[in-house]
Novice: 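Have a look at the structure that comes next, please.
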Amino acid sequence: MKSGGASRTAVFVCQGRAVADGRVAEGRFSDPVARRLLRPEELEPVDAARDETAAGRAGGRERWAVESVRACAEVVVPRTVLIDEAVTAAVKGQDGMQVVLLGAGLDGRPWRLPALKGATVFCVDHPATQADARERADGLTPVAGRLVFAPVDLTTEPLDAALEAAGHDREAPTVWVWEGVVPYLRKADVAATATAVAQRSAPGSVLVVNYQAPSLTATLGRGVLSLVARASRVESATSDEPWRSAWKPAEMAELLAERGFTVERDIDLLQLAGQLGSPATHSRSLRTGRVTVSSMRS
């Protein structure tokens, strides 16, 4: 993000979810809140992407925006489904469960995921991004039993202190959702955050991490797209938020194991898309995106 500014990637991801809502993986994926978190100008490419006729007429910058949010939708659908189902399984039948959304962005789960009805949800994010999210969500009624906002810049501030101040109970099990954040952090920052998470995870806690596997092709492709966007004078949602780390599944498992977590599942998004019958036009992006689910040992 630009210094002091809210995350543009958070908006981009929310647009992807809005594109897919009601059109992809019926019965498994749904996000009617995404649209309500977007501003009118941000909905323009979303509506065009959902309308084949309008998409066909789009040209130039408009075409770029439409294809970008469509590509984003392909990635967010499978990872959202897996994370939703992992969270639902972890909190099922347990009133008072704690759920922490690390780098919450414009995550709509506190307002749409029924499983959170009896849970306390902590939204953790950079102060600027969180202020933007709260403004956008004004007027929405959370389904979460209790919703707490905890602003913190994880690159300069300790997560532990922020959660302590927000009222998080380290003695009670917590479901942690770390989605769409890890690639933008340096490995040292990822490790430090994982340590802080482990220190606040009572036995029975669950950690869901979305991360990026190493891929020279994906990295180069992302760079080329940014250059093309700049040359075409098109605003790129991710140009100010470069990837800073990638992890092999074994590396991620080792990172988590060293902190007391046992990996129960680790899968790439292309596999998930296949299971869901979700579009996979951008197979390389889907293949390198991964989600791992782990639990804190007793």
Side-chain angles (χ1 to χ4, degrees), residues 17 21-22 25-34 76-125 137 140-150 159-160 162-164 166-181 193-194 196-210 253 256-257 259-267 269 271-272 275-276 278 290-298:
R17 297 197 308 269
D21 180 49
E26 187 176 353
R28 300 283 295 281
F29 176 86
S30 176
D31 192 346
V33 172
V76 298
V77 167
R79 85 183 193 193
T80 298
V81 169
L82 177 56
I83 294 171
D84 280 0
E85 293 180 354
V87 171
T88 297
V91 304
K92 187 176 182 180
Q94 300 187 60
D95 284 345
M97 193 74 171
Q98 299 178 123
V99 177
V100 177
L101 306 177
L102 290 171
L106 295 180
D107 192 330
R109 291 185 179 92
W111 296 276
R112 69 165 178 80
L113 192 60
L116 299 179
K117 183 178 180 180
T120 295
V121 179
F122 297 86
C123 288
V124 179
D125 212 331
L140 294 179
T141 301
V143 297
R146 181 169 169 250
L147 181 57
V148 181
F149 292 95
L159 174 63
D160 185 75
L163 284 174
E164 189 70 31
H168 177 263
D169 183 1
R170 68 170 69 232
E171 302 301 324
T174 300
V175 180
W176 304 86
V177 176
W178 205 1
E179 178 185 11
V181 180
T193 302
V197 166
Q199 291 172 344
R200 300 197 69 91
S201 292
S205 293
V206 173
L207 172 59
V208 186
V209 183
N210 163 227
L256 299 178
R259 290 156 178 79
F261 286 98
T262 300
V263 172
E264 298 173 351
R265 187 179 186 188
D266 190 306
I267 186 170
L269 301 184
Q271 288 179 271
L272 287 169
Q275 294 171 10
L276 295 168
S278 178
R290 303 189 68 87
V291 174
T292 183
V293 181
S294 62
S295 59
M296 175 58 75
R297 296 190 291 268
S298 301

Novice: Test D84 against every option in R79, R112, R28 by the side chain to side chain contact (heavy atoms under 4.5 Å, CB included) rule and name the one that passes.
Specialist: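 Considering R79, R112, R28, a side chain to side chain contact (heavy atoms under 4.5 Å, CB included) with D84 is found only for R112.
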Novice: Is there side-chain contact between L101 and V121, with heavy atoms separated by less than 4.5 Å?
Specialist: yes
Novice: Salt bridge (charged side-chain N to carboxylate O under 4.0 Å, His left out), that's the test. Do E85 and K92 meet it? Break it down for me.
Specialist: CA-CA 10 Å; E85 293 180 354; K92 187 176 182 180; over 6 Å; no
Novice: Might you work through the side chain to side chain contact (heavy atoms under 4.5 Å, CB included) test for R109 and I83, ending with a clear yes or no?
Specialist: CA-CA 10 Å; R109 291 185 179 92; I83 294 171; 3.4 Å; yes
Novice: Does the side chain of V208 come within less than 4.5 Å of T292's, by heavy atoms?
Specialist: no
Novice: For the residue pair A172 and S205, what are the closest heavy atoms and their distance?
Specialist: O-OG, 4.5 Å
Novice: Could you tell me whether the side chain of V87 reaches within less than 4.5 Å of the side chain of L116, counting heavy atoms only?
Specialist: yes
Novice: Does a side chain donor of either S201 or W176 reach within less than 3.5 Å of an acceptor in the other side chain?
Specialist: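 Distance-only check passes for S201 and W176.
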Novice: Quick one: does any side-chain atom of D21 pair with a main-chain N or O of D31 as donor and acceptor, under 3.5 Å?
Specialist: yes
Novice: Quick one, F122 with L147, criterion side chain to side chain contact (heavy atoms under 4.5 Å, CB included). Give me CA distance, side-chain angles, the key distance, then yes/no.
Specialist: CA-CA 6 Å; F122 297 86; L147 181 57; over 6 Å; no
Novice: For the side chain of E26 and the backbone of G22, is there at least one donor-acceptor N/O pair under 3.5 Å apart?
Specialist: no
Novice: Do V293 and V209 come within less than 4.5 Å of each other through their side chains, counting heavy atoms only?
Specialist: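 Not in contact.
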Novice: Would you compute the distance between atom CG of D107 and atom CG of L113 and round it to the nearest 0.5 angstrom?
Specialist: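 That separation rounds to 9.0 Å.
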Novice: Stepwise, does the side chain to side chain contact (heavy atoms under 4.5 Å, CB included) test hold for T80 with F29?
Specialist: CA-CA 7 Å; T80 298; F29 176 86; 3.8 Å; yes
Novice: Would you say the side chain of M97 lies within less than 4.5 Å of the side chain of P173, judging by non-hydrogen atoms?
Specialist: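 Yes, their side chains come closer than 4.5 Å.
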Novice: How many angstroms lie between atom CD1 of I267 and atom CG of L82, to the nearest 0.5 angstrom?
Specialist: 7.0 Å
Novice: CG/N210 to CH2/W178 distance, rounded to the nearest 0.5 angstrom?
Specialist: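 N210 CG to W178 CH2: 11.0 Å, rounded to 0.5 Å.
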Novice: For residues L272 and P78, report the shortest heavy-atom separation together with the two atoms involved.
Specialist: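 Scanning both residues completely, I find the closest heavy atoms to be CB-CB, 3.5 Å.
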Novice: Is it true that the side chains of S294 and E264 contain a donor and an acceptor less than 3.5 Å apart?
Specialist: no
Novice: Taking atom OG1 of T120 and atom CG of D95, what is their separation to the nearest 0.5 Å?
Specialist: 10.0 Å
Novice: List the atom of G103, the atom of D125, and the distance in Å for their closest heavy-atom pair.
Specialist: C-OD2, 3.4 Å
Novice: Test of understanding: with side chain to side chain contact (heavy atoms under 4.5 Å, CB included), list the residues that count as partners of E164, not counting sequence neighbours.
Specialist: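 In terms of side chain to side chain contact (heavy atoms under 4.5 Å, CB included), with neighbours along the sequence ignored, E164 is linked to R170, R200.
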Novice: Show, in sequence, the C-alpha distance, side-chain angles and deciding distance for V177 and L102, and conclude whether the side chain to side chain contact (heavy atoms under 4.5 Å, CB included) test is met.
Specialist: CA-CA 6 Å; V177 176; L102 290 171; over 6 Å; no
Novice: Side chains of L159 and V197: closer than 4.5 Å at any heavy-atom pair?
Specialist: yes
Novice: Any side-chain to backbone donor/acceptor pair from Q98 onto D169? Under 3.5 Å, distance only.
Specialist: yes
